[in-house]
Each structure stands twice: as C-alpha cells, then as structure tokens.
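Lettering follows sequence order; numbering is per chain, from 1.
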Amino acid sequence: MRFSLPVPPSFSLPAVIRSHGWVQLAPYDSQDPYHAFAYVDRLANGRVVAYEVQPAAEGVQVTTETMLSEEERAELAHKLAWMLNLERDLEPFYTFARQEPKLAHVVEKGEGRILRSPTLFEDTVKTILTTNTSWGGTRRMVSALVDLYGEPVGEDPAPRAFPTAQALAAADAASLRDEAKLGYRAPYVSELARRVARGDLELEAYKTADLPTGELRKELLAIKGVGAYAAANLLMLLGRTDAIPIDSYALKVVSNEFHDGQPVTPADVTAAFERFGEWQGMAFWFWSYGEET
DNA sequence: GGTAGACCTGGACGC
DNA sequence: GCGTCCAGGTCTACC
C-alpha cells in the first residue's frame with residue numbers, strides 16, 4: 001500500500017538523507033543513494049513493517065507491502081514526521097544563513113533538517129556506537145545488533161527492525177560484547193537498555209522536554225557511555241541547535257577552516273561559531289568547509 | 001578541576 | 001602471515 005505525507009515548502013528529502021551518516025546504519029537502507037531510503041520499524045502493536053520513502057509531488061510517498069490499519073498508518077506517519085524533522089520551522093535559521101556565504105547553500109538546497117531514528121533509544125545506542133571507533137566499526141556494530149536482536153518482518157531472517165530496549169536488556173552482556181562485537185561499550189548499551197526497559201529512564205520524554213539545553217545536557221551526560229561529544233550529538237538530534245558535537249573530525253575541519261591547520265581545542269571550535277548564538281550547532285554542521293565562496 | 005591510563009577493534013604499515 | 005602502532009571518546013583513579 002502507498003500513502004503520502006505533506007511536507008513544509010522548504011523540505012528536501014535528499015537533503016535530509018544527506019544530513020549525516022544515519023542512513024548508512026541498519027535498519028536504514030538506501031539503494032538509491034541519498035534520494036530515497038528504506039527502513040524497518042516495529043509498531044506499538046508488535047507488527048514489524050518494512051517500507052520505503054521517496055520524494056513525491058505532494059510531499060513524500062511511503063510504500064510498504066504490508067496492509068496497514070488506519071491506526072498503524074497514523075503511527076507510521078507520526079514517526080516519520082519525527083524522523084524527517086517535518087515539524088521544524090527553519091525560517092529563523094535561513095534568515096541567518098542568507099547573510100553568511102558559507103551557509104547560503106542551506107537555503108538553496110533546503111538543508112537544515114537532520115535524519116533521526118523513530119526513538120531516542122535507537123539514536124542513543126547508535127551514538128554510543130560512534131564513539132572511539134571508525135565509521136566502519138559503527139556500521140558493523142549496529143548491523144550486528146539488528147541481526148542478532150532485531151525482530152524480522154516475516155518468516156525470512158531479514159530485514160529486521162532495530163532491537164527494542166527490552167530485547168537488548170534481555171541480551172546476555174557477554175553476547176553483546178563478543179558476538180555483537182561492542183567491546184567495552186557492551187555494558188553501556190546493556191545498562192541503558194535495562195534502565196529504559198524498566199522505565200527508570202524515560203528517554204523518549206526528552207523529545208518534548210521543556211528543559212534548557214544545559215539541563216538536558218546534564219541529563220544525557222548521566223547516561224553511562226555518553227560523554228561530551230555524544231551528549232552534543234544527541235542534543236543536535238533533539239533539535240537543540242545551540243549544541244556543537246565536537247569530535248576529532250570537528251577539531252580537524254575547524255583547524256583547517258579557521259586556524260591554518262594548527263592544532264585547536266574544543267574551546268576553539270565553540271569560539272568559531274559562537275556568533276551564531278542559538279543556531280551555532282546548525283552553523284557548524286552545515287558549514288561549507290574548505291570551499292571558496 | 002585537570003590529567004593519565006585503560007578500554008576494544010580494525011586498518012595501516014613494516015618485516 | 002604476523003606483529004606493532006595508531007585512531008577513535010569515555011570512564012575512572014589519582015593528584
């Protein structure tokens with residue numbers, strides 16, 4: 001079955017898909033690189049659905065081989081609105097961007113929305129798995145979690161949904177470490193899953209929390225395995241546009257862009273984008289590094 | 001508050 | 001093929 005979702009005037013599906021590497025992490029898949037994507041989701045009633053999202057004249061088109069009830073379709077639409085950041089009003093950011101040559105392209109290309117997962121739990125696990133490893137390592141670890149603990153769509157072993165907190169909480173810690181190859185990150189993921197499964201940590205509530213960014217950052221830093229970089233990355237995914245996820249890549253590009261390749265500190269990265277105030281995270285993320293204007 | 005070392009894996013490199 | 005080194009963030013112990 002097919003159904004469409006309306007999108008804001010400035011929306012660009014390729015721009016959202018290209019916003020970062022999440023589309024390369026299971027259960028995302030992109031056969032048509034950066035124009036469309038596939039995803040596998042587990043609905044609230046336990047049904048696992050594989051679907052594709054493509055650009056369409058009236059917005060985006062969702063296609064699935066599964067016949068969905070009206071309630072299921074509404075749930076999927078609600079989740080996709082979050083994943084594609086459809087509710088975001090980018091005009092205030094675009095007003096800034098139009099005045100900065102290194103950001104002018106975001107307006108032209110409809111950039112500014114960042115692809116995310118249906119749940120903050122999935123995004124938090126994936127963020128932990130980006131730390132202290134290569135991108136290839138992250139992809140491997142995420143795929144292993146999906147293959148080992150995710151629920152399949154039907155009888156076939158693949159494709160599978162991202163595992164629930166309950167599934168990961170029930171997993172043997174040694175299996176997480178040795179079979180999923182999470183290494184020392186295994187206890188972090190295990191503890192996070194257990195806290196979420198028990199209801200001790202209401203991660204999803206952070207999506208709509210009215211907390212100042214500093215307070216929310218403290219809450220995220222209290223999660224084992226989430227340090228300064230991971231917290232900033234999650235804040236960015238939560239739409240907190242004043243957070244800059246400073247990792248080794250950030251230090252490198254800021255060094256090259258603003259300091260002639262000389263070594264820089266996290267404070268230098270912050271200083272480089274401070275003038276963008278509440279939009280400094282977006283300015284950092286969408287900056288045209290190394291390109292002449 | 002700041003710093004050093006451990007954690008784990010894969011890739012690059014030299015032999 | 002094997003061994004060594006390094007990159008990549010976070011945690012913990014220590015000062």
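Applying the ring-ring contact (aromatic ring centres under 6.0 Å, His included) test to F162(A) and every residue at least two apart in sequence or in another chain returns nothing. Residues forming a ring-ring contact (aromatic ring centres under 6.0 Å, His included) with Y206(A) (at least two apart in sequence, or on another chain): none. Residues satisfying the ring-ring contact (aromatic ring centres under 6.0 Å, His included) test with Y249(A), not counting sequence neighbours, are none. Residues meeting the ring-ring contact (aromatic ring centres under 6.0 Å, His included) test with F284(A), sequence neighbours left out: F273(A).
One can place CG of L251(A) at 9 Å from P of dG8(C), the figure rounded to the nearest angstrom. Distance CG (N233(A)) to P (dG8(C)): 16 Å, rounded to an integer number of Å. When rounded to the nearest whole Å, the span between CG of L182(A) and P of dG9(C) equals 17 Å. The CZ atom of R185(A) sits 12 Å away from the C1' atom of dA7(C) (whole-angstrom rounding). Taking atom CD of E179(A) as the reference point, atom C1' of dT9(B) lies 17 Å away to the nearest angstrom. Rounded to a whole Å, the CG atom of L129(A) is 13 Å from the C1' atom of dT9(B).
For the helix from dG1(B)-dC15(C) to dC15(B)-dG1(C), the end axes, each set by the C1' atoms of five terminal pairs, are bent relative to each other by 40° (nearest 10°).
The aromatic rings of Y289(A) and W287(A) lie tilted to each other, with the angle between the two planes from 30° to 60°. Aromatic ring pairs are classed by plane angle as parallel below 30°, tilted from 30° to 60° and perpendicular above 60°; the pair F93(A) and F286(A) is tilted.
Cation-pi geometry between R113(A) and F11(A) is not satisfied (NZ or CZ under 6.0 Å from the ring centre, within 45° of the ring normal).
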Where protein sits on nucleotides 10-15 of chain C, one letter per nucleotide: B base, S sugar-phosphate only, - none, heavy atoms under 4.0 Å: SSS---

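Considering only side-chain N and O atoms, S248(A) lies under 4.0 angstrom from the phosphate OP1 or OP2 of dG9(C).
Other residues, nucleotides and ligands contribute more than 12 heavy atoms inside 6.0 Å of the CZ atom of R198(A).
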